[in-house]
Amino acid sequence: MFSKVLIANRGEIALRIVCACRELGIRTSVAHSQPDGDSLAVRLADEAVCIGPASSEQSYLNVAAIVTAAAMVGADAVHPGYGFLSESAVLADACQAAGVVFIGPPPHVLRLLGDKARARRVMQAAGLPVVPGTDSFDTPEEGTRLAETLGFPLLIKATAGGGGRGLRVARTARDLEHSLGAARREAAAAFGDPRLYLERYVDEPRHIEFQILADETRALHLGDRECTLQRRHQKLLEEAPAVGLSEETRHRLGGLVVKAALAVGYRNAGTFEFLVDRGGAPFFIEANARIQVEHPVTEMVTGVDLVKEQIRVAAGEGVSFQQTDVRVTGHAIECRVNAEQAETGRPSPGVIRAFVAPGGPGVRVDTYAHAGCMVWPHYDALVAKVVAHGRDRGEAIARMRRALDMFVIEGIETTMPLHRRVLREPDFLAGRFTTSFLERFIT
Amino acid sequence: MFSKVLIANRGEIALRIVCACRELGIRTSVAHSQPDGDSLAVRLADEAVCIGPASSEQSYLNVAAIVTAAAMVGADAVHPGYGFLSESAVLADACQAAGVVFIGPPPHVLRLLGDKARARRVMQAAGLPVVPGTDSFDTPEEGTRLAETLGFPLLIKATAGGGGRGLRVARTARDLEHSLGAARREAAAAFGDPRLYLERYVDEPRHIEFQILADETRALHLGDRECTLQRRHQKLLEEAPAVGLSEETRHRLGGLVVKAALAVGYRNAGTFEFLVDRGGAPFFIEANARIQVEHPVTEMVTGVDLVKEQIRVAAGEGVSFQQTDVRVTGHAIECRVNAEQAETGRPSPGVIRAFVAPGGPGVRVDTYAHAGCMVWPHYDALVAKVVAHGRDRGEAIARMRRALDMFVIEGIETTMPLHRRVLREPDFLAGRFTTSFLERFIT
Amino acid sequence: MDFDEIGQILELMRRHGIVEFELERDGERVRILKPDGSAAAPGGTLAPPVEAGRGEPDLVVVDAPILGTFYRASAPDAAPFVSVGDVVSAGDVLGIIEAMKLMNDVTSEFGGEVVEVCVESGQPVQYGERLFTLRRQPGA
Amino acid sequence: MDFDEIGQILELMRRHGIVEFELERDGERVRILKPDGSAAAPGGTLAPPVEAGRGEPDLVVVDAPILGTFYRASAPDAAPFVSVGDVVSAGDVLGIIEAMKLMNDVTSEFGGEVVEVCVESGQPVQYGERLFTLRRQPGA
């Protein structure tokens, strides 16, 4: 097992990784930006190293600084968390070159999954149902030609995109013509790669995903999650298991993702995302080669500590259980408490004056916040994840309601008022929703 | 179901009951003393009523004030929590007279279990193994005579005692003679009843207990707890399931406590406590007719919400599951974080300046504390209960260690340094301990 | 600096939660202090605590000695024990509180004039709730 | 200083979470305080932050512009770029930091006298760690 892990991230996930390392008896060093120097993760880790100024580009996205920091503190592994460099083949390569273990999939898998169009093709070959779509293309003319074979409505996506960024819907050829140029420029600016591809647009889908874990010899799946409640493609509330999935589809997809993971030589934790259309047909859209923000809902229903498993796998110890040990018990819900005005999503950074997190049965809170802490404007708005587990979905919802009602955060605005409203909405309670639910609900 | 519950308690258990009521859709009113007027339970309940000054006698132990408050706020039930009037037949009677439901066993069961000597006799008749002991007696002379039939060493106990208060060990006839008078006076002063009884002293026992739940028609048990780690008969760390219990004894006692509960007409949640001698033989010592401080460890391993079940049963809805649904998964540990100097147990009330509770997987914190809150000297020292759940005892211990390491409480002293030491002690890790472990460990 | 300006400053301070503000006009000095959030006050649902007769040191308050139902008279058709303007002596009964069928006298610790009766007859009162305000008589 | 300006200051404070702001126009003094989190200072393990040359306004500090290994000389057997007592000009190289085999110059923004070399050659330094203290030359 490792003796020291460098945590190349911030906020709640940095603290989450500190938890996992402590439980495994591993020392932690947090690589942090200057304003994060007094963050809870830094204070609670064994040590810390400042790798750059506030700007993410010069700190959390700075491969050279992270690898140098790992060497400097004598870490034998780097945990990249989610976001930032978590899916960066460049960081994985640099770690390898420096003789430090990157806690995540190998570089070739990161490269494959980072190219969304290629990943779609490979996963289709590995047996996953995919949305009909095109290969990557470089020019708007190619795009127009490929669209003819695909039909409308369709989705314009950046080959190097992800996390819902850079998506455009084209309902007609005219829409497409209008959007291709701008999408290309955006992709070049956001991802350093102007290439695009097209996908059949699935109307009013649900968004579900499967959690997998793979080591040198095996791949296992840990069930599914419902991630349909999104605003501007950002998830706000997740559940496990997924609400709108037939047992037959669940079982079939579970088997297929394991096969696909083995086919591409996957290692470590990962997520396979699907859209499910109104008829219940699932379509693979992408695979995320990292721990997800919403991993706690899976941990609550399975009792598995996914971050500890990530570390074990990276250390060559293998997943600590068998597929047959995986049992999904009850239902879990996560609400992402962001420092945002609830209705508009406008960021609300600032000092948290009062902070009292809910406790009691079946409630888990992952957060870096505390009374007197600062929510910086430089980074993403996630302040806390509240997770409620119950014997069934009804109990989980009742528990989440009371947890949110008892969660005191003063000094900044948060998404909690929106969550409270959603948790009383009859369509949500009945499980009747698609990815457009939240946006229609807000307006 | 009830529409409003009056919570006649304070601190973390008052908040715990608020959680349960909210999840059941019941309004809450907290009956509180004057200094508790801005406690978290009061702030997070739907309403609150001040029932008296700081002194417990005039507030939390004031039957007239509590019943009056229940009528005043229009509550249809009273939850007494633990301690204070939780096992008071007088309060149960007064509630009945006032047409308000007392959430606990019926008065005749409270009377039976409140008379420890009678309870022992009845439980023996119901089939439980009991420590050899005597009936109650009034005079020291009777005591001396009864001791001859029992033999030494023995324990002098107050008939109306409980919670470890008023216990004395007599190793010889001379010890006994020396102690009887003082024990009698103490019992009269502490419990308003001078009667005593004697019990064979079980040397170096373990202390284990069974959780039961009973409704109008059934009694169920929810497994056992290890409560051996005590200081001055006050539990400081509890586990579920018990560490030093053979599967055979576990199974047999589980069946016996259910039979005994049915025999005495038990209703609601309750606990049967046993001493287990070095040979593994269990002896019933007493039954507690309330929710216990340590109930969360059972909730963590069974997924059952015991406080919600208490309320359901009191409302006549019955326990929400069957004995066959009860499954113990993994292992849970609770540490009682008291406002006390860790080694001496000296109380340490005051203002909590900083408070950051641990979160993350498998950790639950039940607390009324927050940054800026006051720990009053008038009441007991329990500030927070940290509960860690793992797939096995090893994971639960590792998790508890990291939870305690990440728990920041500034401004008062707490028992956490003692817990941290215990959790690294080889004998504790190996499960080798008896009720004298902690006191020998401290000195 | 006139009162208009001061009013504007106070309004700005209120809106931005400023606790200290300094200005020095022509040498151009300004200093603004926000609260540090030290006393983490969680959002309460409880009404603010009862205020005593501030500012007037001769005003004293009589609180409910127990919780229960407050009555101003010994029977529904009887006259109230006291009304505004009455002068009472220390030990006088001012009202009664019923709890569990028991009647408990509310007596005054001080002699003085009743200036306020804060609770209507027949209303439930909590422990410590303000019932009367008296103006202490000189020498009483 | 008018209310428009004060309003702008308050808005900036709100946006950046500033708790204290001081200004003094032409003598050019500004003081901005971010929250110190003191109210809730959880038990930290981190070393206290680097202190600036307090009290002596002509002392300036040169911090590490990136993290890496700090060297005072261009090679093990070469003379140090600067030593205590040396007078440097703005733009002079004071040392180098190696990160991932790349050498990065540490240069001075100011001219002045080197009064302190805070880190030994060959030591790892964090971003922002203090490397040198200079005494600014009058007019430099």
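Labels below follow one simple rule: chain letters A, B, ... track the order of the sequence lines, proteins then strands, and each chain is numbered from 1.
- For the atom pair OG1 (B/Thr68) and CD1 (C/Ile66), the distance works out to 7.0 Å, reported to the nearest 0.5 Å.
- Proximity of B/Met72 to C/Leu67: side-chain heavy atoms (C-beta onward) are separated by under 4.5 Å at one or more points.
- The greatest number of non-hydrogen atom pairs below 4.5 Å with chain C, out of B/Asn62, B/Val351, B/Val67, B/Ile51, is found for B/Ile51.
- B/Pro53 approaches C/Tyr127 most closely through the heavy-atom pair CB-OH, 3.2 Å.
- Nearest heavy atoms, B/Gln34 versus C/Gly128: NE2-CA, 4.1 Å.
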